[in-house]
Amino acid sequence: MAFDYDLFTIGAGSGGVAASRRAAAHGARVAIAEDRRIGGTCVLRGCVPKKLLVYGTHFAEELEDARGYGWTVERARLDWGALVAAKDRETDRLHGIYAKLLAGSGVAVHEGRARIVAANTVEVAGRRVTARHILVATGGRPERLAIPGAELAIDSDQALDLRELPRRVAILGGGYIAVEFAGIFRAAGAEVTQVIRADRVLRGFDDECRAHLQAEMARKGVRFLAGAEAARIERVAGGLRLELRDGSALEVDEVMMATGRRPNTAGLGLEEAGVTLNKAGAIAVDEWQATTAPGIHAIGDVTDRINLTPVAIAEGRGLAATLFDGNPTRMDHSCVASAVFSQPPLGTVGLSEEAAAAQCGAVDVYTALFRPMKHALSGREERTLMKLVVERASQVVVGAHMVGADAPEIIQALAIAVKARLTKRDFDRTVAVHPTAAEEFVLMREPTRRT
Ligand code: NDP
């Protein structure tokens, strides 16, 4: 059977665009469908605009710190509306670049919502198109708690577009998105209360780093209500009233729900096509990104594995190599570094101390907790935490973690060493770059503890 295309991709986010462009570069005839703007979560509603707001709000601390270095900083104040408008200009620019890149690579763009209607057949904007392979790269979206008044809350999409800075914000959840927005709103000057059902933020990360980050956020003025859950939200004269399950309540201007994201699988015709969803509602795929239906593949957040842009991109490019370059490529999901752009930020690669103790047996843990040199003059009390987790038997560094300024940048470089399974001895024989904070990673002599 002759198909209209070799590959039809549903969803023009980072993963779908990368897979499509790479497939076209391998000579495939490719089309992509998008029902919102080209660019996807990362570029338009996630990583990029979020990071611009982190940069924009963190100046508050830089300005305070400058005083200790002799600067007089008078009447500095943030125009939140101007920051959001500047952020919008940049995401518009990136959207344009994405669209141009797609057009330039020969990928046909179909605007509208695509649905799989038969084997190798997709319907989009009332037209049926056939393709040898279909790729689902539809990502995810914020999920709201099912509580009375949930519609009064904002999610991360709306939090990025607030035209005015709320004076008092409650943030529900303790994941990446929750801690990042707590940092943004707090640094911008809002009163922030973070409501977490566990005792600590960032479940799954290294426990010591979680505790350290939470303490540093608290020092900056974020109020944590731990072991707490939202019961209802009501509009009251002065704003919103958030009632918790224990009956207590707080009054705020905005409630932000950051209690997780859900894969975008509805209305795509997946189940009729024989695509199995897992318990969490994500598309089940094998290591080749193949679903249970022949000819249908899935990558990125819609598969809910490691929900990070560079992972979706790697999965997409690997799939393009497998299908169109005669180069079968499996995605290696091990040892993927990531960063949380909280204030201060957190960077991590490899195993937490807890995971290493469970998986590697005996572990040597090296830690450094110090006040960065910059704060000798700024007077800021903030401490940086660095941590190496070493498998005792092999002396391989199986995890590296950091909470403190520049952690994301530093962890990116360290990730190469951890991915390459270098040993503690390799770290020890690396000469420090002085004076930096990062040098502490090669200067940790004695284990802080052996487990
Ligand atoms: P996460 O899954 O990371 O966090 C969800 C949070 O909501 C957890 O703290 C969880 O609590 C809490 N929660 C879930 N259900 C409930 C409930 N019913 N009541 C109260 N609390 C609840 O989701 P995010 O939305 O923050 O992020 C989604 C994904 O997006 C991340 O996993 C990450 O992969 C990606 N991301 C990456 C970023 C980066 O790389 N910097 C930035 C933003 C997102 P508990 O811990 O108790 O389960």
Side-chain angles (χ1 to χ4, degrees), residues 13-15 40-55 139-148 150 153-160 170-184 193-205 207 209-211 213-214 217 224-233 242-246 255-264 280-282 300-313 315 333 336-349 352 402-403 407-409 411-412 415:
S14 304
T41 303
C42 175
V43 174
L44 303 173
R45 294 177 290 279
C47 327
V48 172
K50 174 274 309 287
K51 183 133 186 218
L52 293 172
L53 296 190
V54 171
Y55 277 134
R141 64 178 186 288
E143 164 102 317
R144 281 172 190 245
L145 294 179
I147 55 170
I154 54 171
D155 58 27
S156 56
D157 290 358
Q158 295 153 332
L160 287 165
I171 298 184
L172 311 183
Y176 280 76
I177 295 179
V179 294
E180 290 179 343
F181 276 91
I184 288 168
T193 306
Q194 195 169 339
V195 181
I196 53 174
R197 65 177 173 185
D199 58 339
R200 282 197 192 137
V201 295
L202 294 180
R203 183 164 51 85
F205 286 74
D207 273 349
C209 294
R210 297 167 67 194
L213 173 63
Q214 196 162 326
M217 289 175 70
F224 286 96
L225 297 181
E229 285 189 62
R232 64 171 62 237
I233 307 169
L242 170 65
E243 189 180 309
L244 304 180
R245 286 220 188 142
D246 66 3
V255 176
M256 175 178 175
M257 285 199 190
T259 44
R261 294 175 61 84
R262 220 186 154 60
N264 283 328
D301 288 9
V302 77
T303 65
D304 195 22
R305 289 170 292 174
I306 301 180
N307 299 330
L308 299 173
T309 295
V311 173
I313 291 172
E315 289 166 354
H333 285 103
V336 172
S338 79
V340 184
F341 295 91
S342 43
Q343 300 190 32
L346 179 153
T348 178
V349 59
S352 65
M402 175 175 172
V403 179
E409 306 291 338
I411 280 295
Q412 174 63 90

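For ligands, and for the atoms within them, numbers begin at 1 and follow the listed sequence.
Sorted by chain and number, the heavy-atom contacts of ligand 1 below 4.0 Å come from K50, L145, G173, G174, G175, Y176, I177, E180, R197, A198, R203, E229, A258, T259, G260, R261, N307, L308, A339, F341.
Remark: T348 engages H401 in a side chain to side chain donor-acceptor pair (under 3.5 Å) (not counting sequence neighbours). R305 pairs by the side chain to side chain donor-acceptor pair (under 3.5 Å) definition with Q289, T303, E315, not counting sequence neighbours. Partners of D246 by salt bridge (charged side-chain N to carboxylate O under 4.0 Å, His left out), not counting sequence neighbours: none found.
In the displayed structure, Q158 atom CD is contacted under 6.0 Å by more than 12 heavy atoms of other residues, nucleotides or ligands.
The backbone N or O of A230 lies less than 3.5 Å from no partner atom in the side chain of E243, so there is not a single donor-acceptor pair.
A 4.5 Å side-chain heavy-atom check between F205 and L213 finds every atom pair outside the cut-off.
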